[in-house]
Amino acid sequence: MTVLTAEKSPISHADAPAPPVKLTERLLSLDVYRGVIMVSLISFGFGLRSLKDDPRWGFLARQVDHRQWTGVVFWDLIQPAFMFMVGVAMPFAFARRRAMGTTRQQLLWHALRRALALIILGILITCITDGKISIEFRRVLQQIAVGYIISFFLLERGYLIQAISAALILILYTLAWLMYAHHTATDPWAIGDANMGGAFERWLFHHNSTGHYVSLNSIPATATILYGVICGQLVGSNLPKRQVMMYLAIFAAVGIVDGLALSHWIPIIKRIWTASFSLYAGGITILGLLLFYWMIEVVNWRRGWTFFLVVGMNSIFAYTIAEIFRGWFNRSILIFSKPLFTWILDRPHAWDALQKPASAPWPSPLGAWGDVINAVLVLLAQWCVLYFLYRRRIFFKL
């Protein structure tokens, strides 16, 4: 992991190809959008899942918990958005390195090292959170690593080749899934592990995956990263902003419409990353990019984004501390927040609340909203750590 303490200006070299000027700059809209995605991710649903039985707010709980199998809610879009933004960043990152005179071979070694670092970090996080040695590829970091390498070889191939490659990945992957189902006389889209992804898990790791997620998701998820590469090149091009917005709107509409149309034959299933899910989620994610590009780069609304910028510029570190230390943050904050809010809302019982362990359920005056309040406090605590690094221009890069 590399620690960057400042952003250096690119240096032009005669032997390096000249990328569009915008590709060697940093667009605020991309950092903000990435920050919104990462805040959503590290919030763990803002504690809203505790409201699942609330007749008024239960719909929010459903939006922050993955669908059991088919369909899409807000929480199902976080991972594809994360991977999409990895793709968006790639043209900018490699263009800056090209402008500083980095050769193609050096870029390849950089991509390989970064992919390996992502895999190692993902495995370490899994081992720490599981409390045992657990080598799996279901976590987003390992899946990004696979897509990152594939996308690298397509990075300078142009929009058409990249789009065709993304389509071929989805087509071939779907055909393989169908052929396996035909060979084993199973339903390819039925909930469970009797599919090609489950068979791969049992063959490689000798067990079924938790929640029916599969490591083979990294293949169709590569298409999602390629959507990001295409959009990254587009927003970093010298095209007029209105034209960039028009193309983004077209891409978003095509993804959403095609995903919904394809879902009549291939269900939208995030857990096995079906082609219809890839297209639909990709379209929604591009729509989000269009929104932030319009607000920040076109309307020029450049103030008030610090909260998201702090997280977006340290996304890998934000993900790491959220996965490893969120439990510690939660327990630590509960020690102080539970008696405080009990005292405010139910003063006669404040002393009893102080006697309860921090792991005990929230007192009745707060009910399920106690989880929401504590989740927001945990998010703010994580943000303070990231803000400390942001103020000192310390950014962790793999």
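Along the sequence shown, the residues carry numbers beginning at 1.
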Do [X] side-chain atoms and [Y] backbone N/O form a donor-acceptor pair below 3.5 Å?
| X | Y | value |
| --- | --- | --- |
| Ser263 | Ile266 | no |
| Asp54 | Trp57 | yes |
| Arg271 | Gly211 | yes |
| Asp76 | Val73 | yes |
| Ser43 | Gly45 | yes |
| Trp383 | Phe307 | yes |
| Gln162 | Leu155 | yes |
| Glu297 | Ser29 | yes |

Distance check, rounded to the nearest 0.5 Å: [X] atom [atom1] versus [Y] atom [atom2]?
| X | Y | atom1 | atom2 | value |
| --- | --- | --- | --- | --- |
| Ser276 | Lys270 | OG | NZ | 14.0 Å |
| Thr306 | Tyr390 | OG1 | OH | 5.5 Å |
| Ile149 | Leu116 | CD1 | CG | 9.5 Å |
| Glu156 | Ile161 | CD | CD1 | 13.5 Å |

Smallest separation among heavy atoms of [X] and [Y], with atom names:
| X | Y | answer |
| --- | --- | --- |
| Leu386 | Val311 | CD1-CG2, 4.0 Å |
| Val72 | Arg67 | N-CG, 4.0 Å |
| Gly232 | Pro91 | C-CG, 4.1 Å |
| Ile286 | Leu248 | CG2-O, 3.4 Å |
| Ala381 | Ile333 | CB-CD1, 3.8 Å |
| Thr70 | Pro267 | CG2-CB, 4.0 Å |

If you group Ile, Leu, Val, Met, Phe, Trp and Tyr by side-chain heavy-atom gaps below 4.5 Å, do [X] and [Y] land in one group?
| X | Y | answer |
| --- | --- | --- |
| Val254 | Leu287 | yes |
| Leu389 | Leu380 | yes |
| Ile171 | Ile225 | no |
| Leu170 | Leu172 | no |
| Phe74 | Ile284 | yes |

Task: Evaluation steps, side-chain contact (heavy atoms from CB on, under 4.5 Å), between Phe329 and Leu377 - done: CA-CA 9 Å; Phe329 277 115; Leu377 293 175; over 6 Å; no
- [ ] Decide side-chain contact (heavy atoms from CB on, under 4.5 Å) for Leu234 and Tyr159; before the verdict, give the C-alpha distance in whole Å, the side-chain angles of both, and the deciding distance to 0.1 Å.
- [x] CA-CA 9 Å; Leu234 181 62; Tyr159 298 112; 4.2 Å; yes
Task: Mutual orientation of the aromatic rings belonging to Phe94 and Tyr148 [parallel < 30°, tilted 30-60°, perpendicular > 60°] - done: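 The rings of Phe94 and Tyr148 sit tilted, inter-plane angle from 30° to 60°.
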- [ ] Please work out which of the three classes, parallel, tilted or perpendicular, describes the rings of Trp177 and Tyr173, given edges at 30° and 60°.
- [x]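 Tyr173 and Trp177: tilted rings.
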Crowded around [X] [atom1]? As in, over 12 foreign heavy atoms under 6.0 Å?
| X | atom1 | answer |
| --- | --- | --- |
| Phe44 | CZ | yes |
| His182 | NE2 | no |
| Tyr247 | OH | no |
| Arg104 | CZ | yes |
| Ile133 | CD1 | no |
| Trp69 | CH2 | yes |
| Arg202 | CZ | yes |
| Met246 | CE | yes |

Task: Steps toward side-chain contact (heavy atoms from CB on, under 4.5 Å) verdict (Val310, Asn314) - done: CA-CA 7 Å; Val310 165; Asn314 238 335; over 6 Å; no
Consider only side-chain N and O atoms of [X] and [Y], and report whether a donor and an acceptor are under 3.5 Å apart.
| X | Y | answer |
| --- | --- | --- |
| Thr126 | Arg139 | yes |
| Glu323 | Thr129 | no |
| Ser278 | Tyr227 | yes |

Open item on the list: Would Arg49 and Trp75 count as a cation-pi pair here, with the cationic atom under 6.0 angstrom from the ring centre and within 45° of the axis?
Closed with: yes
TODO: Test Ser215 against Glu201 for side-chain hydrogen bond (donor to acceptor under 3.5 Å, both in side chains), laying out the working first.
DONE: CA-CA 7 Å; Ser215 303; Glu201 296 293 313; 2.6 Å; yes
Task: Candidate pair Phe84 and Ile37, rule side-chain contact (heavy atoms from CB on, under 4.5 Å), full reasoning - done: CA-CA 11 Å; Phe84 172 82; Ile37 294 166; 6.0 Å; no
